[in-house]
Enquirer: 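Here it is, the structure in full.
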There are 2 protein chains.
Amino acid sequence: MNEKLYSITELAEEFDITPRAIRFYETKGLLSPQRAGATRVYNYRDRARLVLVLRGKRLGFSLEDIKEYIDLYDADRTRSEQLAHLMLVGRKRITELEQQLDDVQTTLAELRVIEAEAADALRARGLDPERALAEIAQKLLVEAI
Amino acid sequence: MNEKLYSITELAEEFDITPRAIRFYETKGLLSPQRAGATRVYNYRDRARLVLVLRGKRLGFSLEDIKEYIDLYDADRTRSEQLAHLMLVGRKRITELEQQLDDVQTTLAELRVIEAEAADALRARGLDPERALAEIAQKLLVEAI
DNA sequence: CAATAAATTTACGCTTACGTCATCACCGGA
DNA sequence: TCCGGTGATGACGTAAGCGTAAATTTATTG
């Protein structure tokens with residue numbers, strides 16, 4: 001059986017992004033699908049790279065940083081020097097991410113306190129926080145139309 | 001005793017930001033210091049608002065979100081609505097950060113695999129990974145000069 | 001009081017990550 | 001053969017959050 005292929009809009013819909021974004025990632029060297037004529041055709045490897053790109057974005061990385069990260073996977077491992085370099089860069093990234101992990105946890109703790117305080121304040125006014133939340137979410141939705 | 005007052009540069013230096021940033025926050029309605037003639041003069045309340053702004057930024061909120069939060073104490077909407085809105089925005093951010101936490105951990109695991117595989121590959125070549133690492137780090141350092 | 005230093009306003013610039021046309025080509029179906 | 005849909009390629013637009021002059025006024029200091 002042939003491997004599964006995807007069109008640009010199929011991928012876009014799957015990940016809830018636009019074809020424009022996918023093309024943009026390509027101009028930045030993050031993707032490089034085959035072409036059938038001029039039409040882009042994505043295989044599972046391209047799809048996997050896209051997944052990495054989107055995860056990097058959620059982590060708050062720039063596309064340039066993401067490119068460096070992805071390039072680690074594809075790094076040349078034939079020369080000892082390259083392997084050592086890979087270890088070096090990998091360790092650096094690990095250190096950075098460990099710091100980020102710490103930051104995120106601290107921030108999360110702080111946000112949970114804020115949320116709890118807001119809920120308390122609403123209850124002190126005789127309101128059910130969840131209901132109040134649902135109502136304002138609804139209101140903002142309506143206003144947006 | 002009169003309350004303590006601050007110039008724009010004093011505040012800027014204290015919080016390690018630029019006067020330009022502080023003026024920018026003002027144009028966005030986040031601060032509204034008194035004026036002595038044309039010169040901005042900040043009191044402790046203005047300073048407290050600035051602290052809130054910077055905290056909000058640390059937590060990853062937009063200046064617009066931060067404005068909503070700060071206006072909690074001014075209220076043009078009802079206070080309950082503001083509180084509910086705060087909860088809403090806070091929860092959204094919490095969800096994002098929880099996802100980030102997950103992503104960071106996944107990425108860390110992957111990087112550790114890459115690092116370990118590189119180390120193995122080096123050992124398979126009869127090299128000590130730590131030495132190889134130290135050597136290439138040294139080499140890159142020298143090249144940088 | 002002259003020379004700096006500090007502040008103000010105005011306004012254009014910059015970067016990242018796309019959004020949004022406009023124009024054109026191509027492919028399959030009625 | 002004409003049409004609708006999909007895709008491609010420019011190219012300009014946009015939003016956030018300031019940076020960076022430039023031109024001027026205001027304060028401070030020797």
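First the proteins, then the strands, lettered A, B, ... as listed; each starts at 1.
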Enquirer: Would you mind telling me which of dT9(D), dA17(C), dG7(D) lies closest to the side-chain atoms of I8(A)?
Expert: dG7(D)

Enquirer: Tell me: CZ of F61(A) to P of dT16(C), nearest whole Å?
Expert: 16 Å

Enquirer: Under a plain distance cut-off of 3.5 Å, with no hydrogens placed, do T107(B) and R55(A) share a side-chain donor-acceptor pair?
Expert: yes

Enquirer: Measure from CZ on R40(B) to C1' on dA6(C) and round the result to the nearest Å.
Expert: 13 Å

Enquirer: Can you check whether T9(A) has a side-chain N or O nearer than 4.0 Å to OP1 or OP2 of dG7(D)?
Expert: yes

Enquirer: Between L31(A) and D46(A), what is the shortest heavy-atom contact and its length?
Expert: CD2-O, 3.8 Å

Enquirer: For residues L50(B) and I22(B), report the shortest heavy-atom separation together with the two atoms involved.
Expert: CD2-CD1, 4.3 Å

Enquirer: Considering only heavy atoms, which members of residues 10-31 of chain B lie under 4.0 Å from some atom of DNA chain C?
Expert: R20(B), R23(B)

Enquirer: Y42(A) OH to dA8(D) C1': how many Å, rounded?
Expert: 11 Å

Enquirer: Is the distance from OP1 or OP2 of dC18(C) to the nearest side-chain N or O of K57(A) less than 4.0 Å?
Expert: yes

Enquirer: For P129(A) and A119(A), work out which heavy atoms get closest and say how close.
Expert: CG-O, 3.6 Å

Enquirer: Do Y69(B) and E64(B) have side-chain atoms, one donor and one acceptor, less than 3.5 Å apart?
Expert: no

Enquirer: Strictly below 4.0 Å, N to O, side chains only: are K92(B) and E115(A) in salt-bridge contact?
Expert: no

Enquirer: Write out all pairs satisfying side-chain hydrogen bond (donor to acceptor under 3.5 Å, both in side chains) with one or both partners inside residues 33-45 of chain A, taking only residues at least two apart or from two chains.
Expert: E26(A)-R35(A), E26(A)-R40(A)

Enquirer: For nucleotides 23-30 of chain D, give me one character per nucleotide, 5' to 3': B if any protein heavy atom sits under 4.0 Å from the base, S if the only such contacts are to the sugar-phosphate, - if neither.
Expert: --------

Enquirer: What are the two closest heavy atoms between A137(B) and L88(A), and how far apart are they?
Expert: CB-CD1, 4.1 Å

